[in-house]
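A short write-up of the structure that comes next.
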Amino acid sequence: MKLVVAVVQDRDAQAALAELNRHGFGATKLASTGGFLRQGNSTLLVGVSADRVDEVLAILQRTSRVRHQLITPDATGAGVEPGAVPVEVAVGGATVFVLTIDRYEKY
Ligand code: 2BA
């Protein structure tokens, strides 16, 4: 048994959930916040047998897009410095962790 933990952009989460459900995977969506941009994103939890992990990864790959975002660095958190230059960051598609689950119970 594996647990796929995937951080995706909010805009991609519904499509990912729909595809996961369509293919018979159970999933949970948690509201999360990126530590760098401090903006909302979605974390999907998908419990899956080890032999089907690649199917889940393929779904996440095709439903998650890379988007480019301009941010103005605020290193201290005290406010953007005058004259600070915006930089572009590429966000997404999906940041995925696959964990081995020792035990899975459902009551
Ligand atoms: P954020 O932490 O808000 O990061 C958004 C995007 O900002 C990242 O996209 C990356 O392109 C950029 N970024 C992050 N940290 C940076 C830094 N120190 N310097 C310059 N640019 C930086 P993604 O890599 O696609 O990550 C999207 C979201 O996935 C992240 O949102 C975070 O919520 C999650 N994530 C990414 N890597 C993670 C990790 N190793 N552990 C846990 N969560 C992670």
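Everything numeric here is computed off the predicted structure, so don't read it as measured data. All ligand and atom numbering here is 1-based and tracks the order in the structure. Position 1 is the first residue of the sequence, and the numbers go up from there.
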Nearest neighbour in protein (non-hydrogen) for atom 30 (C) of ligand 1: Asn41 ND2, 4.2 Å
Minimum-distance protein heavy atom relative to atom 31 (O) of ligand 1: Gly34 CA, 3.5 Å
Just by distance, do the side chain of Ser32 and the backbone of Asn41 share a donor-acceptor pair under 3.5 Å? yes
What residue and heavy atom of the protein are closest to atom 10 (C) of ligand 1, and at what distance? Ala90 O, 3.8 Å
For the residue pair Lys2 and Ser49, confirm or rule out a side-chain donor-acceptor distance under 3.5 Å. no
Among Val7, Val5, Ile71, whose heavy atom sits nearest atom 28 (C) of ligand 1? Val7
Who's the nearest protein heavy-atom neighbour of atom 44 (C) of ligand 1, and how far? Thr95 CG2, 4.0 Å
For atom 4 (O) of ligand 1, closest protein heavy-atom neighbour: Phe36 CB, 3.6 Å
Distance from atom 25 (O) of ligand 1 to nearest protein heavy atom, with residue and atom: Gly92 N, 2.7 Å
Are more than 12 heavy atoms, taken from residues, nucleotides or ligands other than Glu55, located less than 6.0 Å from that residue's CD atom? yes
Looking only at protein heavy atoms, which one is nearest to atom 6 (C) of ligand 1, and what is the separation? Val91 CG2, 4.0 Å
protein heavy-atom neighbour closest to atom 40 (N) of ligand 1 works out as Phe97 CZ, 4.1 Å
Verify, without hydrogens or angle tests, whether Glu88 (side chain) and His68 (backbone) share a donor-acceptor contact under 3.5 angstrom. no
Measuring from Asp12:CG to Leu60:CG, what's the distance to the nearest 0.5 Å? 10.0 Å
Taking all non-hydrogen atoms of both residues into account, name the closest pair between Asp10 and Ser42 and its distance. OD1-OG, 2.7 Å
If you measure from each non-hydrogen atom of Leu37 to ligand 1, which part falls under 4.0 Å: side chain, backbone, both or neither? both
Can you tell which part of Val66 has a heavy atom less than 4.0 Å from ligand 1: side chain, backbone, both or neither? neither
Taking a hydrophobic cluster as the set of Ile, Leu, Val, Met, Phe, Trp and Tyr residues connected by side-chain heavy atoms closer than 4.5 Å, whether directly or through intermediates, do Val53 and Leu44 fall within one such cluster? yes
I need the Gln9 CD to Thr95 OG1 distance, nearest 0.5 Å. 9.5 Å
